Amino acid sequence: MKQVTDYFGCLVFDDKVMKSKLSSDIYKKLKKTINEGKELDISVANSVALAMKDWAIENGATHYTHWFQPMTGVTAEKHDSFISPEADGTIIMEFKGKELIKGEPDASSFPSGGLRATCEARGYTAWDPTSYAFIKDKVLCIPTAFCSYGGQALDKKTPLLRSMQALNKQALRVLKLFGHSDVITVKTTVGPEQEYFLVDKEMYNKRKDLIYTGRTLFGKMAPKGQELEDHYFGVIKPRVQAFMNDLNEELWKLGILAKTEHNEVAPAQHELAPIFATTNIAADHNQITMELMQKIAKKHDLVCLLHEKPFKGVNGSGKHNNWSMSTNTGINLLEPGDTPSENAQFLLFLVSVIKAVDDYQDLLRISVASAGNDFRLGANEAPPAIISIFVGSELEAVLESIETGKPLKADGKSFLKIGADVLPELPKDSTDRNRTSPFAFTGNKFEFRALGSSESISCANIILNTAVAESLKQFADKLENSKDFKNDLHELIKKTIIDHKRIIFNGNGYDEAWVVEASKRGLLNLKSTPEALPYYLHDKNVKLFTSHGIYTTDEIHARYEIAQEHYTKVVNIEALTVLDMASKDILPAISKYSKELADTISAKKVLGVDYSYEFDILTKLSDGLKKAYEIKLTLEASLAKAKDISAIEKLSMFYKEEILTKMEALRDVVDNLEGLVDKKAWPYPSYGDLLYSVN
Ligand code: ADP
Ligand code: MG
């Protein structure tokens with residue numbers, strides 16, 4: 001039997017391969033580029049390209065591609081073969097340094113938010129040497145950033161890399177104050193836990209809503225949902241296990257550290273978690289994971305649904321973004337240390353995150369905002385739309401003691417002087433003690449739990465990195481001029497706790513009382529994407545992005561527009577699908593079944609037998625059909641009205657308030673009728689079929 005250790009990473013041009021394929025001089029130069037961001041000269045790039053090509057061909061590749069992440073949220077690739085003709089009519093396999101470093105795809109069909117006039121269609125992709133090249137379906141994939149010709153970011157990787165650089169810069173300043181001159185880089189790390197649903201392909205193919213929108217737009221709940229809590233961590237069914245085994249194998253070949261797999265809360269829902277990696281690699285790996293989940297599911301006659309809310313009435317899917325910061329010397333900056341100085345440093349980094357989350361709650365909320373995720377956030381299954389931080393009672397006691405100067409323990413003696421005392425033992429929370437918090441400290445990392453399952457993790461991490469970079473910048477600005485470091489450090493931490501403790505909430509985030517309390521504290525509660533997005537353009541946020549070199553003002557406006565437009569397009573497609581299903585399948589099916597009942601009633605009348613059952617159902621169906629038809633007409637009218645709204649903020653709000661509301665009203669009526677109609681007469685597989693047919 002093949003062993004995982006033998007094939008792990010076999011499709012990755014990783015450090016081991018580099019070492020064996022490159023001369024030691026070239027290897028060293030490449031490593032400098034990877035670790036320290038030093039520029040790579042073309043002769044080195046040529047050598048790397050040659051080695052990469054030879055390795056790729058040995059492993060069955062025929063093509064290469066610059067693999068990138070445009071604003072569509074999915075990855076993009078255009079394949080070029082290695083072949084190059086010779087004068088004698090034969091071919092050689094060729095790949096040059098300049099093809100490795102830079103590509104020039106036509107950018108005109110990717111969302112640019114007005115950054116790039118269609119006439120200047122060229123864009124370019126630039127190699128990200130910090131994320132290893134890999135082979136997928138016989139194609140050598142080179143992770144790249146994607147920019148317009150003017151250098152404006154058109155993708156999600158460019159700002160993510162910029163945000164990592166910003167954090168690196170500020171964290172190094174802070175670390176220097178603690179005497180860490182040996183640290184060369186600070187990188188953020190992420191372990192994203194990915195939730196998903198699996199449904200039978202045959203059932204899926206019969207549902208237009210799943211095909212066009214990824215979620216069910218109609219469907220009466222099955223008699224059984226998740227109320228028995230018997231699916232979470234339950235025995236994995238053989239078909240699902242076979243899928244997971246295949247998936248793990250393919251992920252491992254690509255060097256992705258797939259670690260944990262289990263059934264989730266909803267029926268047919270599952271989760272996969274990898275071991276954490278540097279953020280941009282984690283982001284790349286998460287994109288590949290989502291792609292492979294969908295591809296491998298098909299091989300098993302399954303379909304993997306990554307939508308945030310595929311089924312009404314059971315939990316939707318999210319992504320937990322476990323996040324921390326680490327030095328190249330191996331220190332996790334969110335890990336409490338053993339000495340007073342380590343503890344002081346930990347506390348400063350800790351409060352830098354608390355401050356960042358409070359100052360930029362709006363941006364964090366926006367970073368997880370999407371039409372799909374709007375069905376989860378605040379819906380008593382996922383964290384609320386209010387951003388707050390859970391720190392646990394032990395750490396809260398520490399923060400309180402620093403803030404008030406009161407003793408940490410009841411003994412009246414245990415004061416906590418920063419830089420002089422050691423923190424009490426903090427428990428590592430590996431058990432999700434508070435699953436209702438959107439942002440939880442779990443012992444040595446924070447877990448941002450509000451991400452949607454289908455979205456790239458880049459957006460959330462761009463904001464997180466940048467906001468924390470800003471806190472650290474302010475701290476460094478203050479402390480670098482300090483005459484009495486220990487004392488000023490204590491005061492700074494204390495002041496930060498006082499200023500930002502409103503964001504700390506250890507209670508139940510699902511509780512109605514929290515909504516009231518949060519509002520009293522002045523925390524934002526941005527319930528939907530159209531409500532959240534306008535905050536993107538607020539002065540403080542524009543300043544944050546521009547001052548740290550994450551986005552130019554133009555790039556911010558472009559991204560804002562893309563997000564607004566994306567929202568309206570998604571809801572528009574859903575509305576059109578609702579109309580299509582209602583007009584062509586559902587209403588005709590009800591009408592036809594009504595005729596069957598009417599025929600039976602006529603026959604029974606002639607025979608003089610009781611027809612009250614048929615009559616009762618027929619009456620309900622007729623009433624419902626009339627109601628459904630009326631709502632359908634008003635939905636059509638609203639869609640026509642939407643065409644006349646040009647202001648993007650107004651339009652997205654209109655889609656949320658008018659279109660989504662009417663879609664939901666129509667669904668209510670139809671779902672009710674589904675319960676009255678003969679199963680054979682209903683045009684679609686039921687929720688029971690979808691949620692329980694994979695065994
Ligand atoms: P749980 O599964 O209970 O949420 P785990 O400790 O198993 O808790 O961690 C969950 C995720 O957090 C995993 O992907 C893990 O690799 C990741 N993780 C652990 N340490 C870090 C860290 N320092 N930075 C980022 N992610 C981390
Ligand atoms: Mg978790």
Side-chain angles (χ1 to χ4, degrees), residues 8 130-131 160 163-164 167-168 171 175 183 185-196 232-233 244 247-248 251-252 254-265 269-290 293 315 317-337 342 345-346 349-350 352-353 356-357 382-383 389-392 395 426-451 453 457-458 460-465 468 509:
F8 184 85
T130 60
S131 183
L160 181 64
S163 73
M164 290 172 70
L167 185 133
N168 175 54
L175 284 173
V183 175
T185 54
V186 172
K187 285 187 175 155
T188 55
T189 50
V190 168
E193 305 166 44
Q194 175 75 47
E195 293 180 341
Y196 60 96
Y232 191 59
F233 284 14
M244 287 178 172
L247 176 63
N248 285 333
L251 292 173
W252 288 333
L254 288 168
I256 296 172
L257 295 156
K259 173 83 174 161
T260 313
E261 59 191 23
H262 63 80
N263 285 347
E264 256 302 329
V265 170
Q269 192 185 28
H270 313 280
E271 179 181 301
L272 180 143
I275 295 172
F276 69 96
T278 306
T279 303
N280 70 317
I281 294 168
D284 284 356
H285 282 179
N286 183 248
Q287 292 295 140
I288 300 173
T289 302
M290 291 195 286
M293 280 177 165
N315 277 8
S317 299
K319 197 135 57 183
H320 289 182
N321 191 82
N322 295 274
W323 179 95
S324 191
M325 304 169 263
S326 273
T327 67
N328 65 307
T329 53
I331 309 167
N332 175 355
L333 297 172
L334 291 177
E335 174 100 47
E342 284 169 357
Q345 182 186 302
F346 158 73
F349 279 98
L350 180 85
S352 78
V353 181
V357 174
I389 301 181
F390 169 84
V391 294
L395 191 54
L426 298 173
K428 284 223 171 47
D429 181 7
S430 57
T431 50
D432 270 12
R433 274 186 312 176
N434 186 332
R435 288 163 50 98
T436 66
S437 174
F439 206 96
F441 183 68
T442 50
N444 60 358
K445 61 186 185 291
F446 277 98
E447 185 168 347
F448 186 19
R449 297 178 173 137
L451 283 74
S453 49
I457 63 166
S458 296
N461 286 292
I462 293 165
I463 305 301
L464 204 45
N465 294 344
V468 174

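We count ligands from 1, going down the list as the structure has it; atoms in each ligand are counted the same way. Index from 1, following the sequence. Keep in mind it's a predicted model, so treat the numbers as computed, not measured.
Between W323 and ligand 1, a contact under 3.5 Å exists for no N or O pair. Checking only distances, A273 never comes within under 3.5 Å of ligand 1, N or O to N or O.
The contact set between ligand 1 and I275, taken as ligand atoms under 4.0 Å from a residue heavy atom, comprises 16 (O). Distances below 4.0 Å separate heavy atoms of G191 from the following atoms of ligand 1: 14 (O), 25 (C), 26 (N). Listed by atom number, the atoms of ligand 1 under 4.0 Å from T189 heavy atoms are 22 (C), 23 (N), 24 (N), 25 (C). The P274 neighbourhood of ligand 1 comprises atoms 13 (C), 14 (O), 16 (O), with distances under 4.0 Å to a heavy atom of that residue. Of all the atoms in ligand 1, the ones that sit under 4.0 Å from a non-hydrogen atom of N332 are 23 (N).
Counting heavy atoms only, N322 comes closest to atom 25 (C) of ligand 1 of the residues L272, N322, T279.
Judged purely by atom type and a 3.5 angstrom limit, E271 has no side-chain atom pairing as donor or acceptor with the backbone of E261. Side-chain N or O atoms of N263 include none that pairs as donor or acceptor with a backbone N or O of F233 at under 3.5 Å. Side-chain atoms of T436 come within 3.5 Å of backbone atoms of G509 as a donor-acceptor pair (strictly under, hydrogens ignored). For the pair K259 (side chain) and P274 (backbone), a donor-acceptor distance under 3.5 Å is absent. With hydrogens and angles disregarded, no donor-acceptor distance shorter than 3.5 Å links the side chain of S326 to the backbone of G330.
For F446 and F439, the ring centers sit closer than 6.0 Å to each other.
The only member of N321, D284, T188 that meets side chain to side chain donor-acceptor pair (under 3.5 Å) when paired with T279 is T188.
Proximity of E193 to ligand 1 is established by a heavy-atom distance of less than 4.0 Å.
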